[in-house]
Amino acid sequence: MCIRDRRRVHGDSKINKMLPPAKTKMEQFKQREYYKKKIKEAWSIVDMAFVGKTSKKEISYIMRYLNQFPSEAQVRSEILKDMEEDEPTDDVTYTKFEPKMVEWLMNNTFKVATHEELLAAFRMLDPENKGYIKEDEMKNLLMNCGIKFDEKIYEEFKKFAVDKTGQFIYYEEYCAKLIEENDQHLYLSLIHISEPTRRYAISYAVFCLKKKKYSRL
């Protein structure tokens with residue numbers, strides 16, 4: 001069972017806020033040890049027997065669980081390549097993942113998008129400044145362009161983003177709701193798509209929210 005389908009286990013492994021930059025070597029050492037602990041706890045959700053490896057498909061979910069939000073393009077073209085073994089497999093080992101993840105956390109390399117960045121992404125899809133995007137147009141982009149959504153993930157996005165009529169996404173309201181939920185420390189998984197579209201010949205970014213309420217098991 002993957003991390004996106006499970007609630008919190010093994011204690012408080014979720015990182016809701018990043019630590020401030022370390023000012024001394026001792027602070028840096030303590031932060032590294034803290035992040036190593038969090039990484040191991042998060043990893044154990046998908047590798048409960050801790051055999052030391054997990055599917056490549058889980059890496060982006062583990063990273064987002066640890067408050068790092070790479071685009072799917074970055075995951076596929078950069079991150080997974082950096083963790084490949086000499087002989088390519090469908091898995092990533094913990095020994096390859098942990099040191100990379102520590103560095104990304106220490107530097108906050110893939111920080112979460114701001115409210116302004118989210119709005120800017122949607123406005124790229126709304127050149128007439130109407131304030132909304134039609135649901136069918138968004139579905140076409142997400143299901144057919146760039147890194148494609150599957151039907152299940154799109155339906156989760158639709159439930160949260162589309163208005164009561166089922167026809168429009170008023171993206172300012174959507175972004176405000178997303179930020180509000182983040183402030184309340186709900187589980188968020190932001191899927192950041194940044195690929196050229198056939199329709200606009202520009203890059204676009206769409207952020208999909210998958211929320212799971214805070215729960216202790």
Side-chain angles (χ1 to χ4, degrees), residues 1-22 26-113 147 149-150 152-153 156 178 181-192 207-217:
M1 186 175 291
C2 68
I3 198 168
R4 50 190 159 155
D5 297 323
R6 293 180 64 89
R7 298 213 175 184
R8 187 179 338 217
V9 296
H10 304 307
D12 188 9
S13 54
K14 176 93 171 155
I15 297 176
N16 285 315
K17 291 186 178 180
M18 303 305 300
L19 298 174
M26 180 57 69
E27 285 183 4
Q28 190 176 71
F29 172 78
K30 289 181 178 180
Q31 284 190 10
R32 285 182 177 277
E33 292 305 304
Y34 168 78
Y35 284 138
K36 284 180 182 180
K37 178 183 176 182
K38 294 297 182 182
I39 293 166
K40 189 171 184 178
E41 289 172 352
W43 182 276
S44 70
I45 298 174
V46 295
D47 180 16
M48 297 184 73
F50 217 90
V51 297
K53 64 181 179 180
T54 191
S55 169
K56 288 180 177 179
K57 295 178 181 179
E58 301 291 355
I59 296 303
S60 61
Y61 296 107
I62 297 174
M63 291 184 68
R64 291 171 187 135
Y65 189 78
L66 291 168
N67 213 35
Q68 294 295 292
F69 299 90
S71 70
E72 287 297 320
Q74 287 173 314
V75 171
R76 296 187 186 192
S77 65
E78 302 171 26
I79 292 168
L80 291 178
K81 284 188 177 181
D82 285 344
M83 290 183 278
E84 284 185 350
E85 300 292 335
D86 293 335
E87 295 185 9
T89 69
D90 293 330
D91 296 324
V92 171
T93 63
Y94 185 75
T95 54
K96 289 276 189 179
F97 178 75
E98 187 204 66
K100 294 284 186 182
M101 193 70 226
V102 169
E103 291 305 315
W104 293 327
L105 288 169
M106 291 292 290
N107 297 317
N108 200 12
T109 305
F110 302 105
K111 62 184 178 181
V112 67
I147 307 224
F149 276 27
D150 61 33
K152 182 179 179 180
I153 290 198
E156 291 180 9
L178 190 152
E181 299 254 334
N182 189 35
D183 289 342
Q184 293 173 2
H185 303 292
L186 298 183
Y187 280 154
L188 297 179
S189 178
L190 299 178
I191 300 176
H192 171 193
F207 298 80
C208 172
L209 174 79
K210 292 167 57 181
K211 59 178 181 149
K212 297 180 181 178
K213 289 185 179 293
Y214 178 97
S215 175
R216 289 185 180 178
L217 299 181

Exceeds 12 heavy-atom contacts within 6.0 angstrom, atom [atom1] of [X]:
X: K100; atom1: NZ; answer: no
X: D90; atom1: CG; answer: no
X: K40; atom1: NZ; answer: no

Aromatic plane relationship, F97 with W43 - under 30° parallel, 30 to 60° tilted, over 60° perpendicular: tilted

I59 vs M83 side-chain heavy atoms within contact, under 4.5 Å: yes

N-O pairing of E103 and R32 below 4.0 Å: yes

Salt bridge flag under 4.0 Å for residues E27 and K30: no

Minimal non-hydrogen separation, [X] against [Y], with atom names:
X: V92; Y: L80; result: CG2-CD2, 4.1 Å
X: K53; Y: D91; result: CD-OD2, 3.8 Å
X: M63; Y: P70; result: CE-CG, 3.8 Å
X: M48; Y: I45; result: CG-O, 3.7 Å

Working for side chain to side chain contact (heavy atoms under 4.5 Å, CB included), residues Q28 and M106: CA-CA 8 Å; Q28 190 176 71; M106 291 292 290; 3.5 Å; yes

Nearest 0.5 Å, what's the [atom1]-[atom2] distance between [X] and [Y]?
X: N67; Y: N108; atom1: CG; atom2: CG; answer: 7.0 Å
X: I79; Y: K56; atom1: CD1; atom2: NZ; answer: 13.0 Å
X: Y65; Y: E41; atom1: OH; atom2: CD; answer: 8.5 Å
X: M101; Y: Y35; atom1: CE; atom2: OH; answer: 9.5 Å

Between [X] (side chain only) and [Y] (backbone N and O only), is there a donor and an acceptor less than 3.5 Å apart?
X: Q68; Y: F110; value: yes
X: S44; Y: D47; value: no
X: Q74; Y: S71; value: yes
X: Q31; Y: P20; value: yes
X: E98; Y: I39; value: no

Criterion side chain to side chain contact (heavy atoms under 4.5 Å, CB included) on Y61 and V46, from CA distance to verdict: CA-CA 10 Å; Y61 296 107; V46 295; over 6 Å; no

Distance-only side-chain donor-acceptor flag, T93 / E85, under 3.5 Å: yes

Stepwise side chain to side chain contact (heavy atoms under 4.5 Å, CB included) test for L19 and Y34: CA-CA 10 Å; L19 298 174; Y34 168 78; 3.6 Å; yes

